Amino acid sequence: MVLAFQIALIVFSLMLMLLVLMHKGKGGGLSDMFGGGMQSSVGGSSVAERNLDRITVVVGLVWFACVVVLGLLVKLGD
């Protein structure tokens, strides 16, 4: 059971990293150093960006749940 949650945590960690890197830079951060702040945002966020935001939040919540469950399993297993 612990092994399954460890594998799930690794998978969701990789997914979360990829999803965060797929976001457009909003400016004012490290993304400006690499040219992310040079783009002008016309018309607000698109449907694809909103869906990417939603997917990122869901994966983040599942990642957090995996961390909590894994911590409880390890603590109760001792």
Side-chain angles (χ1 to χ4, degrees):
M1 180 75 113
V2 174
L3 181 64
F5 276 102
Q6 288 175 339
I7 292 171
L9 185 62
I10 291 170
V11 169
F12 285 116
S13 295
L14 292 173
M15 285 176 58
L16 195 57
M17 284 191 309
L18 290 174
L19 287 170
V20 168
L21 288 174
M22 286 173 60
H23 279 85
K24 277 197 324 187
K26 302 281 193 262
L30 287 177
S31 62
D32 287 340
M33 290 175 52
F34 303 108
M38 297 174 121
Q39 300 171 349
S40 64
S41 60
V42 178
S45 60
S46 67
V47 175
E49 291 173 17
R50 284 190 299 249
N51 288 337
L52 183 61
D53 289 341
R54 291 179 186 135
I55 293 169
T56 304
V57 168
V58 169
V59 171
L61 290 173
V62 172
W63 178 86
F64 181 73
C66 282
V67 169
V68 170
V69 170
L70 189 58
L72 290 173
L73 285 174
V74 168
K75 184 177 181 180
L76 296 176
D78 287 337

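From a predicted model like this one, the values you see are computed outputs, not experimental measurements.
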Task: same_hphob_cluster(Phe5, Val11) at 4.5 Å side-chain heavy-atom cutoff - done: yes
Side-chain polar contacts of residues 66-74 - donor-acceptor pairs under 3.5 angstrom, sequence neighbours left out - could you list them?
none

Open item on the list: My understanding is that a hydrophobic cluster links ILVMFWY residues whose side chain heavy atoms are under 4.5 Å apart, including indirect links. Using that, what else belongs to the cluster containing Leu61?
Closed with: Val57
Open item on the list: In this structure, would Leu18 and Val62 fall into the same cluster of hydrophobic residues linked by side-chain contacts under 4.5 Å?
Closed with: no
TODO: Find out whether Val58 and Arg54 are in side-chain contact, i.e. whether some heavy atom of one side chain is under 4.5 Å from a heavy atom of the other.
DONE: no
Task: Where at least one partner belongs to residues 3-22, residue pairs that pass side chain to side chain donor-acceptor pair (under 3.5 Å), sequence neighbours excluded - done: Ser13-Trp63
TODO: Flag yes if Leu21 and Ile55 sit in one hydrophobic cluster, no otherwise; membership is Ile, Leu, Val, Met, Phe, Trp, Tyr, and two members link when side-chain heavy atoms are under 4.5 Å apart.
DONE: no
Task: Distance in Å, Leu52 CG paired with Met22 CE, rounded so as to fall on 0.5 Å steps - done: 5.0 Å
Task: Atom pair CZ/CZ of Phe12 and Phe64 - distance to nearest 0.5 Å - done: 15.0 Å
Task: Linked hydrophobic residues, Leu14 as query - side chain contacts closer than 4.5 Å - done: Ile10, Met17
